[in-house]
Amino acid sequence: MADGGLSEADIDRIEVTLPEQRVRVGDSAMPNINLPHLLALFLVDGGVSFDSIHDHARMSDPEVRRVAARITVTPRPGAGRRDLAHLAVIAKGRRMTYAPTHVRGQPQDPMTRAEVAAKALDLLSPV
């Protein structure tokens, strides 16, 4: 978590709230839409790739499961279907929150050329 200078070991827990209609991603058997699993992968590996988020075997990885157990996903009553996730990271006695208004890559929060190139390479390299 480069923004806060935190490592996975520093994080006590992560709380995510989503619109009620989208909260099913908190316990999906599909690795690419299971939010606690995806966040745990990000923390354990230092990032994610197309391959890593689709790797069913990683859902059984003890380290990933240990980190995912500290992540909760709950419904946020009143949030609209298109509202984004809100995130609270509790670490070192501090609570840091993040409530984005736009998805990265949209015109309101554009990616750099380098980010687009890296994403394209990640998506195309398995082929």
Side-chain angles (χ1 to χ4, degrees):
M1 305 219 29
D3 293 341
L6 298 173
S7 71
E8 175 271 316
D10 296 324
I11 297 171
D12 298 319
R13 69 183 187 279
I14 296 176
E15 301 167 353
V16 181
T17 62
L18 288 170
E20 292 175 284
Q21 306 91 326
R22 294 175 45 210
V23 80
R24 290 185 312 244
V25 300
D27 63 359
S28 175
M30 297 172 56
N32 60 313
I33 64 169
N34 183 307
L35 191 52
H37 172 72
L38 293 170
L39 290 170
L41 272 180
F42 180 85
L43 291 169
V44 169
D45 294 352
V48 294
S49 68
F50 183 82
D51 282 341
S52 72
I53 69 170
H54 289 88
D55 184 351
H56 283 268
R58 290 299 300 278
M59 290 190 82
S60 300
D61 179 316
E63 186 176 9
V64 174
R65 291 177 60 89
R66 177 184 58 78
V67 174
R70 291 184 276 156
I71 300 168
T72 59
V73 178
T74 57
R76 190 171 64 251
R81 182 170 179 77
R82 294 188 178 269
D83 288 341
L84 301 178
H86 290 181
L87 189 76
V89 177
I90 296 83
K92 296 182 173 183
R94 296 184 335 187
R95 180 182 184 90
M96 296 156 278
T97 59
Y98 181 61
T101 55
H102 297 89
V103 175
R104 184 80 174 139
Q106 289 183 335
Q108 300 88 343
D109 189 9
M111 296 168 69
T112 66
R113 284 177 93 59
E115 289 172 318
V116 171
K119 183 174 183 176
L121 184 61
D122 177 54
L123 292 171
L124 295 172
S125 63
V127 179

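The residues of the chain are indexed from 1 along the displayed sequence. Values below: every heavy atom of this structure, side chains too, minus hydrogens, waters and symmetry copies.
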Quick one: CD1 on Ile53 to CG on Leu41, what's the gap to the nearest 0.5 Å? 9.0 Å
Can any side-chain N or O of Asn34 pair as donor or acceptor with the backbone N or O of Ala29 at less than 3.5 Å? no
Under 4.0 Å between a Lys/Arg side-chain N and an Asp/Glu carboxylate O for Glu63 and Arg65? no
Nearest-0.5 Å distance that lies between atom CD in Gln106 and atom OG1 in Thr101: 9.0 Å
Test log, rule side chain to side chain contact (heavy atoms under 4.5 Å, CB included), inputs Val89 and Arg13: CA-CA 6 Å; Val89 177; Arg13 69 183 187 279; over 6 Å; no
Who else is in Leu84's hydrophobic cluster (ILVMFWY, side-chain heavy atoms under 4.5 Å, direct or via others)? Val103
Evaluate the side-chain proximity of Asp55 to Pro31: yes if any heavy-atom separation is below 4.5 Å, no if none is. no
Working to the nearest 0.5 angstrom, can you tell me the gap between Thr97 OG1 and His86 NE2? 9.5 Å
Any side-chain to backbone donor/acceptor pair from Arg76 onto Thr17? Under 3.5 Å, distance only. yes
Please step through side chain to side chain contact (heavy atoms under 4.5 Å, CB included) for the pair Ile14 and Leu87, ending with a clear verdict. CA-CA 7 Å; Ile14 296 176; Leu87 189 76; 3.4 Å; yes
Nearest-0.5 Å distance that lies between atom CG in Asp10 and atom CD1 in Ile90: 13.5 Å
Nearest heavy-atom pair of Ala91 and Met96: which atoms, and what distance? CB-CE, 4.1 Å
Could you list the cluster mates of Met59? Members are the ILVMFWY residues connected by side-chain heavy atoms closer than 4.5 Å, either directly or through other members. none
Lys/Arg-Asp/Glu bridge criterion (N-O < 4.0 Å) met for Arg66, Glu8: yes
Can you name the closest pair of heavy atoms from Leu38 and Asn32 and give their distance? CD1-O, 3.4 Å
Specify the closest pair of heavy atoms between Val64 and His37, including all atoms of both residues, with the distance to one decimal. CG1-ND1, 3.6 Å
Just checking Arg104: does its CZ atom have more than 12 heavy atoms from other residues, nucleotides or ligands closer to it than 6.0 angstrom? yes
Smallest heavy-atom separation, Gly80 atom then Pro19 atom, equals O-CG, 3.0 Å
Donor-acceptor pair, distance only, cut-off 3.5 Å: does the side chain of Ser52 make one with the backbone of Val48? no
Minimum heavy-atom separation for Pro110 and Glu115, please, with both atom names. O-OE1, 4.5 Å
To the nearest 0.5 angstrom, please state how far the CE atom of Met30 sits from the NE2 atom of His56. 7.0 Å
Between Ala68 and Ala40, the two heavy atoms sitting closest are N-CB, 3.6 Å
Does a side-chain N-to-carboxylate-O contact under 4.0 Å join Arg22 and Asp83? no
Tracing side-chain contacts under 4.5 Å among Ile, Leu, Val, Met, Phe, Trp and Tyr outward from Leu123 reaches Phe50
Is it true that Asp122 and Lys119 have a side-chain N and a carboxylate O under 4.0 angstrom from each other? no
Treating Arg70 as the side-chain partner and Ile11 as the backbone partner, does any N or O pair qualify as donor plus acceptor under 3.5 Å? yes
